[in-house]
Structures are given as C-alpha cells and as structure tokens.
Amino acid sequence: MEYPCQWLYKLIGADETSLRQAVLEVIDVQEVTIELSNTSSGGNYVSINVAVRVSNANQRTGFYESLRAHRSVRMVL
C-alpha cells in the first residue's frame with residue numbers, strides 16, 4: 001500500500017448526528033468527507049461513510065482505534 005492514500009471507514013451507530021460529531025472529534029484533518037450510507041429498517045441504526053486521506057499506516061490505524069472507542073460508535077468497518 002502506498003501512502004498517502006484515500007481511506008474509507010464505515011461507522012454504525014444510533015443516529016447520524018452523533019456519528020458525524022464523533023468523526024469531527026476524532027479525525028483532525030481538514031479534508032474529510034462524510035456521507036449517509038444506510039438506515040436500518042427499524043430505524044434503530046444508521047451507517048455513514050467517512051473518506052479521509054491518511055499519511056501512513058499509523059495514522060490509519062489510529063483513526064480506526066479512536067473511532068471504535070468513541071461512545072457514539074457501535075461498529076467501525
């Protein structure tokens with residue numbers, strides 16, 4: 001894998017607003033794209049796609065771990 005590169009995370013949580021806020025708290029780069037991906041049929045969960053340019057494997061893994069640990073995020077793919 002060559003860095004820097006664009007990386008995509010998919011976050012799953014209870015609501016879109018909380019997930020977006022989690023991304024803004026964790027990812028400290030200016031160029032991040034956040035898009036709604038899906039909503040569960042019962043409306044209990046939503047997923048968003050987060051695209052960000054990462055400089056190296058440590059940064060990529062650090063974002064993943066920090067997002068996974070955030071209270072609003074149920075799962076990171």
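Residues take their numbers from the sequence shown, with the count starting at 1.
- For the pair I27 and V52, the tightest heavy-atom approach, listed with the atom from each and the gap, is CG2-CG2, 3.9 Å.
- Of all heavy-atom pairs between S55 and Q59, the closest is N-OE1, 2.6 Å.
- L19 and Y45 fall into different hydrophobic clusters, where Ile, Leu, Val, Met, Phe, Trp and Tyr residues are linked whenever their side-chain heavy atoms come under 4.5 Å apart, directly or through other members.
- Contact between R74 and G13 at its shortest, heavy atoms only, is CG-CA, 3.8 Å.
- When all heavy atoms of I12 and S47 are compared, the pair lying nearest together is CG1-CB, 4.0 Å.
- With sequence neighbours left out, the salt bridge (charged side-chain N to carboxylate O under 4.0 Å, His left out) criterion links E25 to no other residue.
- When the shell of 6.0 Å around CD of E31 is examined, it contains 12 or fewer heavy atoms from other residues, nucleotides or ligands.
- A continuous path of Ile, Leu, Val, Met, Phe, Trp and Tyr side chains, each step under 4.5 Å between heavy atoms, connects L36 with I34, placing both in one hydrophobic cluster.
- For the pair Y64 (side chain) and Y9 (backbone), a donor-acceptor distance under 3.5 Å is absent.
- Contact record, R20 with I48: N-CD1, 4.2 Å, taken as the closest heavy-atom pair.
- The cluster map of Ile, Leu, Val, Met, Phe, Trp and Tyr, joined by side-chain heavy atoms under 4.5 Å apart, puts W7 and M75 in different clusters.
- Checking L8, V26, V23 one by one against V50, the side chain to side chain contact (heavy atoms under 4.5 Å, CB included) holds for a single residue, V23.
- Expressed to the nearest 0.5 Å, how far CG of D15 lies from CG of N44 amounts to 11.5 Å.
- The closest donor-acceptor contact from the side chain of S37 to the backbone of N49 lies at 3.5 Å or more, if one exists at all.
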